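Keep in mind the model is a prediction, meaning the values are calculated, not measured.
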Amino acid sequence: MSSITQSMPRRPQQRLLRIAAAAILAAAAVVSGVQLLTSGGSAAPAHHELRYGGIPKWLPKTEKTEERIVTASAAKPTLAIQGNTVAVELAHGKVLATTVGPEVPEEGEFPVPATSPASFVVTLAEAHGAVPIDPRDFTVTDEEGDIHHPKITGLHGGPPPTEVPAGKTVSMKVRGVFPTGDGTLNWAPGSRKTVVAWDFDIEID
């Protein structure tokens, strides 16, 4: 009787210890399962070092690319594609120039027409110094080498701006009827020599 009586107070303690141990094991299993799920079903290699807030070293690296802005001047004319921004250096100033287009009224015509109305949007931004705008400075060259003189208007119609104020941005519409196919939109600010040209393709089919 005495041995049974002495062992009775220990049983609740043993049950508490077993419950605590089971709870610890269950928590460890949950943590392990979460780690497996977040790592795609496999644990990270032991020899790789992980740091809080960092990227695991075994992940592939991605390359960071930035839009490259080229420079154009009378001494170094540049050929770009529509959508490209070009830093144009003038005799008494400089400006960032971008051309988007061409926009055509319809597509899917058959047979393909020889010519089509088309328009471009030319944007001049972040001007420094004197940046005058003369509609005669814009021309279009088709794939046969013929020169066309487009109509220049403000972005929403009306007369085009005559200059780009310092630090400001202006946009204008360049429009006309041009042969379908390849061509370039040319800008020769202040002279007859093209400083920057944007390559384009008028597609109707």
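Shortest non-hydrogen contact noted between A72 and V86 is CB-CG1, 3.6 Å. Of all the heavy atoms in E89 and K94, the pair that sits closest is CA-CB, 4.1 Å. Here the closest heavy-atom approach between residue I81 and residue W198 is recorded as O-CD1, 3.4 Å. Residues S171 and T123 approach most closely at OG-OG1, 2.9 Å, considering heavy atoms. Minimum interatomic distance between L90 and V88 (heavy atoms only, all atoms of both residues): CD2-CG1, 3.6 Å. Across all their heavy atoms, V170 and E163 have their closest contact at CG1-O, 4.1 Å.
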Exercise. Please lay out, stage by stage, how T98 and V122 fare under the test side chain to side chain contact (heavy atoms under 4.5 Å, CB included).
Key: CA-CA 6 Å; T98 307; V122 176; over 6 Å; no
Exercise. Run the numbers on S116 and T180 for side chain to side chain donor-acceptor pair (under 3.5 Å), then give the verdict.
Key: CA-CA 6 Å; S116 173; T180 55; over 6 Å; no
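Between T71 and T78 the shortest side-chain heavy-atom distance does not fall below 4.5 Å. Residues V95 and H128 have side chains not in contact (no heavy-atom distance under 4.5 Å, counting atoms from C-beta outward). By the 4.5 Å heavy-atom criterion applied to side chains, T99 and F200 are not counted as neighbours. Counting heavy atoms from C-beta outward, M172 and V121 have side chains that stay 4.5 Å or more apart. Counting only heavy atoms from C-beta outward, the side chains of S119 and E103 approach each other to under 4.5 Å. The closest side-chain heavy-atom distance from P179 to D142 is below 4.5 Å.
No donor-acceptor pair under 3.5 Å is formed between the side chain of D137 and the backbone N or O of W187. Using a distance-only test at 3.5 Å, with no hydrogens or angles considered, a donor-acceptor pair links the side chain of K193 to the main chain of A74.
Rounding to the nearest 0.5 Å places CZ of R192 at 12.0 Å from OG1 of T139. Interatomic distance, CG of D201 versus CG of D182, reported as 4.5 Å (0.5 Å rounding).
More than 12 heavy atoms of other residues, nucleotides or ligands shown are found within 6.0 angstrom of CD on E143. Counting non-hydrogen atoms of neighbouring residues, nucleotides and ligands closer than 6.0 angstrom, the CD atom of Q82 exceeds 12 such neighbours.
Side-chain atoms of T141 and N186 form a donor-acceptor pair, as typed in the model, at a separation below 3.5 Å. In summary, the side chains of T184 and D199 do not present any donor paired with an acceptor at a separation below 3.5 Å, with no hydrogens or angles considered.
Partner V164 forms a side-chain contact (heavy atoms from CB on, under 4.5 Å) with one of T169, L96, L124 and no other, that one being L124.
No single ILVMFWY cluster, assembled from side-chain heavy atoms under 4.5 Å apart, contains both V177 and I202.
Between F178 and F120, the ring-plane angle classifies as tilted under the 30° and 60° cut-offs.
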